[in-house]
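First listed ligand is number 1; within each ligand, the first listed atom is number 1.
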Amino acid sequence: MTTLLPIAIIGTGIAGLSAAQALHAAGHPVQLFDKSRGSGGRMSSKRSDAGALDLGAQYFTARDRRFVDVVQQWQARGWVAEWTPSLYNFNNGQLTASPDEQVRWVGSPRMSAITRAMLGALPVNFSCRITEVFRGEQHWHLQDADGNSHGPFSHVIVATPAPQASPLLSSVPKLAGAAASVPMDPTWAVALAFPTALETRVEGCFVQDSPLDWLARNRSKPGRDTQLDTWVLHATSQWTKQHLDMPKEAVTEHLLGAFAELIGCAVPAPALSLAHRWLYARPASAHQWGVLADSDLGIYACGDWCLSGRVEGAWLSGQEAARRLLEHLQ
Ligand SMILES: Cc1cc2nc3c(=O)[nH]c(=O)nc-3n(C[C@H](O)[C@H](O)[C@H](O)COP(=O)(O)OP(=O)(O)OC[C@H]3O[C@@H](n4cnc5c(N)ncnc54)[C@H](O)[C@@H]3O)c2cc1C
Ligand SMILES: NC(=O)C1=CN([C@@H]2O[C@H](COP(=O)(O)OP(=O)(O)OC[C@H]3O[C@@H](n4cnc5c(N)ncnc54)[C@H](OP(=O)(O)O)[C@@H]3O)[C@@H](O)[C@H]2O)CC=C1
């Protein structure tokens with residue numbers, strides 16, 4: 001059985017697009033919405049004079065068979081490539097090589113390439129912040145921040161971070177309460193570009209006992225612009241919380257200082273630097289919900305916070321939302 005009305009999907013991160021693709025493949029019309037100007041959410045990339053910079057998700061791993069299979073398809077289509085960084089660990093003031101066998105994937109030529117390709121020609125309203133989701137006598141309707149109404153829709157899938165999902169689920173208090181119970185931690189990200197290559201072999205580093213949590217040589221990822229030596233630094237959730245409202249220039253200065261202390265080579269002034277604050281970067285703890293659903297009413301919530309807090313979890317959660325919706329239609 002097919003629905004005549006489209007299914008509204010709020011959020012064009014990987015969870016929303018995972019659900020959209022599965023529903024579209026099953027013959028159901030979808031209509032996507034995102035408050036941003038493009039797709040990707042936390043898997044987006046920032047265009048800059050130093051090329052595209054992955055400020056959010058750095059790479060992803062695939063452990064679940066279903067995700068392994070889809071990543072192989074993405075690889076065959078050229079949407080993703082394996083990233084094999086020279087990995088290090090910084091612990092107790094020591095920088096040590098930390099190679100492993102883990103396969104790590106990145107979007108190619110930038111992280112945002114994956115959701116751009118998944119979106120394809122699916123209908124989407126960008127720069128459209130949904131503020132209200134409500135049910136009429138039979139169907140769902142959306143209200144956006146500019147006062148426009150959208151609908152009717154047969155079903156709604158909310159695919160935003162938990163704190164942003166909760167108000168959109170207010171017509172089903174049980175779902176709104178579950179989403180509200182998931183705190184999400186922030187992450188400050190800083191990108192740097194140096195005119196000459198830093199004299200280090202480090203291409204990725206897991207960091208302990210520092211304001212930094214992770215750093216990556218962006219240009220070591222496949223397909224990236226290599227003219228400048230580009231780096232992305234992520235602060236720990238703890239440091240970010242303590243400095244949530246610090247001006248971007250000061251955040252850059254602090255994290256550049258921490259980077260210079262640990263990287264073990266001379267660090268000149270960067271030719272370009274930028275900072276980005278991810279307010280809802282990761283769920284404070286993992287859940288095993290898969291999806292939140294009220295199938296009788298036709299409303300679903302998905303995203304990384306319903307599973308592992310990683311790219312893989314977000315994709316699986318979107319699949320689960322689509323599966324539950326299709327199951328209920330039968
Ligand atoms: C700094 C950082 C580093 C990370 N590193 C990794 C990593 O290395 N590996 C890994 O696996 N994962 C990593 N992650 C986590 C990974 O990025 C996420 O798990 C995944 O991208 C979440 O996808 P999602 O679709 O659930 O949510 P999102 O990507 O957040 O998508 C939600 C979308 O909803 C939109 N939206 C929100 N509210 C509204 C509204 N009211 N109306 C319309 N649209 C709305 C947003 O604009 C966004 O596009 C990282 C995340 C961050 C922030
Ligand atoms: N900053 C955020 O907001 C945010 C960061 N996230 C990070 O995303 C990756 C994804 O995790 P995944 O399980 O897919 O990858 P890994 O297996 O590569 O890493 C998992 C953790 O394991 C430790 N690790 C892995 N490899 C090594 C290594 N070669 N040497 C030392 N340590 C390694 C490391 O843990 P610690 O940082 O040392 O505690 C990895 O973190 C992951 O890095 C998340 O932190 C996800 C969501 C938001």
Side-chain angles (χ1 to χ4, degrees), residues 8-20 32-44 54-63 67 83 85-91 96-106 111-112 114-115 118 124-133 142-145 150 157-168 184-190 204-208 212-214 216 232-237 240 276-284 286 301-318 321:
I9 301 179
I10 307 167
T12 62
I14 193 146
L17 283 165
S18 167
L32 289 136
F33 297 87
D34 205 294
K35 66 181 173 57
S36 299
R37 282 178 298 164
S39 67
R42 282 169 279 159
M43 289 178 78
S44 56
D54 302 334
L55 288 180
Q58 295 295 293
Y59 63 84
F60 57 92
T61 56
R63 297 184 173 118
F67 192 55
W83 181 42
S86 170
L87 271 182
Y88 281 71
N89 198 26
F90 184 81
N91 202 356
T96 45
S98 187
D100 63 23
E101 299 294 316
Q102 179 65 56
V103 176
R104 295 182 174 84
W105 298 98
V106 293
M111 198 52 103
S112 58
I114 302 168
T115 59
M118 289 173 82
V124 60
N125 288 34
F126 283 124
S127 304
C128 182
R129 179 192 290 271
I130 302 301
T131 51
E132 214 184 315
V133 175
L142 312 182
Q143 188 80 25
D144 71 29
H150 305 268
I157 298 180
V158 178
T160 68
Q164 293 166 321
S166 181
L168 300 179
M184 292 189 67
D185 287 339
T187 296
W188 267 116
V190 163
C205 183
F206 299 99
V207 185
Q208 275 84 39
L212 292 174
D213 178 50
W214 162 259
V232 171
L233 321 178
H234 285 162
T236 62
S237 300
T240 303
H276 181 84
R277 187 184 67 174
W278 297 99
L279 209 44
Y280 306 121
R282 58 167 124 206
C302 61
D304 63 338
W305 52 277
C306 290
L307 281 169
S308 65
R310 296 155 49 241
V311 169
E312 179 178 51
W315 183 86
L316 286 168
S317 177

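Considering backbone and side-chain atoms alike, S98 places an N or O below 3.5 Å from some N or O of ligand 2. Considering backbone and side-chain N/O of Y88, none are found under 3.5 Å from N/O of ligand 2. The shortest N or O to N or O distance between N89 and ligand 2 is not under 3.5 Å.
Heavy-atom proximity to T187, at under 4.0 Å, picks out these atoms of ligand 2: 1 (N), 2 (C), 3 (O). Per-residue contacts place G309 under 4.0 angstrom from the following atoms of ligand 2 (heavy atoms of the residue considered): 46 (C), 47 (C). Atoms of ligand 2 lying under 4.0 Å from at least one heavy atom of D100, given by number and element, are 26 (N), 27 (C), 28 (C), 29 (N). Contact atoms of ligand 2 toward L87: 29 (N) (distance under 4.0 Å to a heavy atom of the residue).
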(Q) For R42 and D304: C-alpha separation, side-chain torsions, deciding distance, then whether salt bridge (charged side-chain N to carboxylate O under 4.0 Å, His left out) applies. (A) CA-CA 10 Å; R42 282 169 279 159; D304 63 338; 2.7 Å; yes

Q: Report the C-alpha distance between W105 and Y59 in whole Å, list the side-chain angles of each, state the deciding distance to 0.1 Å, and finish with yes or no for ring pair (Phe, Tyr, Trp, His ring centres under 6.0 Å).
A: CA-CA 5 Å; W105 298 98; Y59 63 84; over 10 Å; no

Q | Evaluation steps, ring pair (Phe, Tyr, Trp, His ring centres under 6.0 Å), between F67 and F60 | A | CA-CA 11 Å; F67 192 55; F60 57 92; 5.7 Å; yes

Anything under 3.5 Å between an N or O on ligand 1 and a protein N or O? List each pair with its distance, or write none.
| residue | atom | partner | partner atom | Å |
| --- | --- | --- | --- | --- |
| ligand 1 | 8 (O) | Q58 | N | 3.2 |
| ligand 1 | 8 (O) | Y59 | O | 3.2 |
| ligand 1 | 9 (N) | Y59 | O | 2.6 |
| ligand 1 | 11 (O) | V311 | N | 2.9 |
| ligand 1 | 19 (O) | D304 | OD2 | 2.8 |
| ligand 1 | 19 (O) | R310 | O | 3.4 |
| ligand 1 | 25 (O) | I14 | N | 3.1 |
| ligand 1 | 25 (O) | A15 | N | 2.9 |
| ligand 1 | 26 (O) | D304 | N | 3.0 |
| ligand 1 | 27 (O) | R42 | NH2 | 3.1 |
| ligand 1 | 29 (O) | R42 | N | 2.8 |
| ligand 1 | 30 (O) | R42 | NE | 2.8 |
| ligand 1 | 30 (O) | R42 | NH2 | 3.2 |
| ligand 1 | 41 (N) | I130 | O | 2.9 |
| ligand 1 | 42 (N) | I130 | N | 3.0 |
| ligand 1 | 44 (N) | K35 | N | 3.0 |
| ligand 1 | 47 (O) | D34 | OD1 | 2.7 |
| ligand 1 | 47 (O) | S36 | OG | 3.3 |
| ligand 1 | 49 (O) | D34 | OD1 | 3.3 |
| ligand 1 | 49 (O) | D34 | OD2 | 2.6 |

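Under a 3.5 Å cut-off, the side chain of S98 and the backbone N or O of N89 do not form any donor-acceptor pair. With hydrogens and angles disregarded, a donor-acceptor distance shorter than 3.5 Å links the side chain of D54 to the backbone of M111. Within the 3.5 Å criterion, the main-chain N or O of S44 finds no donor-acceptor partner in the side chain of S112. No donor-acceptor distance shorter than 3.5 angstrom exists from the side chain of E132 to the backbone of I130, with no hydrogens or angles considered. Panel note: side chain T187, backbone A281; no donor-acceptor pair is recorded below 3.5 Å. Side-chain N or O atoms of W278 include one that pairs as donor or acceptor with a backbone N or O of L55 at under 3.5 Å. Side-chain N or O atoms of T160 include none that pairs as donor or acceptor with a backbone N or O of G11 at under 3.5 Å.
Regarding atom 15 (O) of ligand 2, its nearest protein heavy-atom neighbour is Y59 OH, 3.3 Å. Among protein heavy atoms, atom 17 (O) of ligand 2 sits closest to R63 NH2, 2.8 Å. The nearest heavy-atom contact from the protein to atom 11 (O) of ligand 2 is R310 NE, 3.9 Å. The shortest contact between atom 14 (O) of ligand 2 and any protein heavy atom is with T61 OG1, 2.5 Å.
Across the listed options E312, R104, Q102, R104 owns the non-hydrogen atom lying nearest to atom 26 (N) of ligand 2. Looking at R42, M184, R282, it is R282 that brings a heavy atom closest to atom 45 (O) of ligand 2. Of the listed residues (W214, F206, W105), the one carrying the non-hydrogen atom nearest atom 25 (C) of ligand 2 is F206.
For atom 20 (C) of ligand 2, no protein heavy-atom neighbour is present inside the 4.0 Å cut-off. Protein heavy atoms come within 4.0 Å of atom 34 (C) of ligand 2. For atom 8 (O) of ligand 2, no protein heavy-atom neighbour is present inside the 4.0 Å cut-off. Protein heavy atoms come within 4.0 Å of atom 3 (O) of ligand 2.
Contacts of Q208 with ligand 2, taken as heavy-atom pairs under 4.0 Å, involve the side chain alone.
Taking OG from S317 and CD1 from I14, the interatomic distance works out to 11.5 Å, rounded to the nearest 0.5 Å.
Ligand 2 has no atom lying under 4.0 Å from any heavy atom of W278.
Contact between P161 and Y280 at its shortest, heavy atoms only, is CB-CB, 3.8 Å.
A donor-acceptor pair shorter than 3.5 Å can be found between the side chains of T12 and D34. A donor and an acceptor atom, one from each side chain of T61 and R310, are located under 3.5 Å apart. In the model, R129 has no side-chain atom that pairs as donor or acceptor with a side-chain atom of Q164 under 3.5 Å.
Every residue two or more places apart in sequence or in another chain that forms a salt bridge (Lys or Arg N to Asp or Glu O under 4.0 Å) with D185 is listed here: K241.
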